[in-house]
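As the structure is a computational prediction, the values presented were derived from the model and not from experiment.
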Amino acid sequence: MKPLYQKIEIEKERLFVVKNNKVPRFDGLFHFHPEFELTYIHQGCGQSLVGDRMVPFKSGDLFFLGPNLPHSWESAHHFNQPSQSLVIQLNRNLWKGDWLQGEELAVMNQLFKKSLRGIKFTGDGNSLIAEKMFLISRGLNPMKSVVEILSIFEILGRSSSNEYITSPAYLPNYRENDYVKINTIYNFVHSNFNREISLTQIAGLVNMTNQGFCRYFKKMTRRTFFVYLNEYRTGYACKLLGKGQLNITEVAFRSGFQSISNFNKQFKSVIGYSPSEYVKHLK
């Protein structure tokens, strides 16, 4: 398992690090780190767990997350292309102090405070911000890079197309053991979703009673475990249907559903179409 506390390679005297992540798919690892993080989804779609909320993401979305706010990015199974994100992580130890209290930087200071709950931006300004992030990632002069970052926050401060992600009362106060548990659950599902999974089995995996596990999982993800499991299986079914190599019955059982009727019910609940309707939409 990858480390749950993510060590960001920013030299202590540097203000930021920029990353251009191109991967086959976002892996869904639930992690946290002390840096501020600005993430632009250049290509991909799926679900992000941020703090206590699960939110969808797609190409063109932009997220600003505060220090130690736990989050994950998980690609949808029906998205068959590589995923790509642009990420700027800010050294929290340097982006603070009296200079941020200046009137000229009031907007940026407010964004930093709001980021503790996580902010999702969906406006037209995201494309301009993406251009600036790409420019920085290509090795722009360091001082010019800082100027571009400041201009990004100026644009974000004027944006009206944004929303908080976590609930108002949320505080990122999970213990490290919480991250261990949630990742243990996710990794088990990713490896065993096509088999029958019982509540007793998954609860025992993290040394909990069935009732305790149900409360815990819903508290962490704002959904029941079996809702999450059915969503995961349905996403995988979409991927198989998109390939067009298997019939619907074969797809149902390979995705972990025990009956065709349950597959049809769960698929329509998650996707909004029956499996046969979904196939027609692909043509």
Side-chain angles (χ1 to χ4, degrees), residues 6-27 29 31-46 48 50 57-69 71-73 75 81-116 118-162 165:
Q6 189 178 61
K7 172 66 174 175
I8 306 301
E9 297 301 326
I10 306 181
E11 297 175 17
K12 63 180 181 179
E13 66 274 12
R14 297 293 298 268
L15 284 168
F16 73 94
V17 65
V18 61
K19 302 174 182 178
N20 188 344
N21 298 318
K22 297 179 181 179
V23 293
R25 58 183 294 106
F26 299 130
D27 61 12
L29 180 70
H31 65 283
F32 68 102
H33 46 75
E35 291 76 17
F36 292 95
E37 178 171 302
L38 186 67
T39 294
Y40 175 77
I41 306 298
H42 182 62
Q43 184 170 324
C45 65
S48 177
V50 179
F57 67 82
K58 64 182 186 304
S59 299
D61 286 347
L62 183 73
F63 295 81
F64 185 42
L65 309 179
N68 295 319
L69 180 59
H71 56 281
S72 67
W73 312 98
S75 295
Q81 303 175 33
S83 297
Q84 182 178 1
S85 65
L86 279 170
V87 180
I88 293 178
Q89 290 161 329
L90 306 180
N91 188 336
R92 183 182 61 167
N93 292 327
L94 298 182
W95 290 84
K96 65 180 183 180
D98 292 341
W99 75 284
L100 271 180
Q101 305 308 313
E103 182 179 343
E104 297 86 348
L105 297 179
V107 170
M108 188 171 71
N109 190 37
Q110 185 62 27
L111 283 172
F112 280 13
K113 292 178 181 178
K114 292 175 67 175
S115 74
L116 298 178
I119 318 170
K120 179 181 178 181
F121 296 86
T122 56
D124 295 336
N126 287 3
S127 58
L128 176 57
I129 291 172
E131 290 178 13
K132 291 176 176 293
M133 294 177 74
F134 269 116
L135 186 64
I136 296 169
S137 72
R138 296 186 185 113
L140 192 64
N141 174 281
M143 183 171 285
K144 289 183 178 179
S145 294
V146 174
V147 172
E148 290 292 349
I149 290 173
L150 291 174
S151 72
I152 286 172
F153 284 114
E154 193 273 332
I155 296 170
L156 294 179
R158 289 188 282 108
S159 172
S160 58
S161 301
N162 64 83
I165 301 175

Under 3.5 Å donor-acceptor, H33 side chain and H31 backbone: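 Between the backbone of H31 and the side chain of H33 there is no qualifying donor-acceptor contact (under 3.5 Å).
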
Main-chain N/O of F63 paired to T39 side chain as donor or acceptor, under 3.5 Å: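 Between the backbone of F63 and the side chain of T39 there is no qualifying donor-acceptor contact (under 3.5 Å).
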
Contact check, side chains of K120 and V50, non-hydrogen atoms, under 4.5 Å: no

Sub-4.5 Å side-chain heavy-atom contact between S83 and W73: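 A side-chain contact under 4.5 Å is absent here.
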
Atom pair [atom1]/[atom2] of [X] and [Y] - distance to nearest 0.5 Å:
{"X": "I88", "Y": "L38", "atom1": "CD1", "atom2": "CG", "answer": "5.5 Å"}
{"X": "S85", "Y": "D61", "atom1": "OG", "atom2": "CG", "answer": "12.5 Å"}
{"X": "L90", "Y": "S115", "atom1": "CG", "atom2": "OG", "answer": "9.0 Å"}
{"X": "N93", "Y": "E35", "atom1": "CG", "atom2": "CD", "answer": "8.5 Å"}

Nearest heavy-atom neighbours spanning D27 and L29: OD1-N, 3.0 Å

Shortest non-hydrogen contact from L69 toward H71: O-ND1, 2.8 Å

F121-F64 aromatic ring centre distance below 6.0 Å: no

Derivation and outcome, side chain to side chain contact (heavy atoms under 4.5 Å, CB included), residues N68 and R92: CA-CA 10 Å; N68 295 319; R92 183 182 61 167; 3.8 Å; yes

Y40 and its side-chain contact (heavy atoms from CB on, under 4.5 Å) partner, picked from M133, Q84, K132: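 So the option named by the test is M133.
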
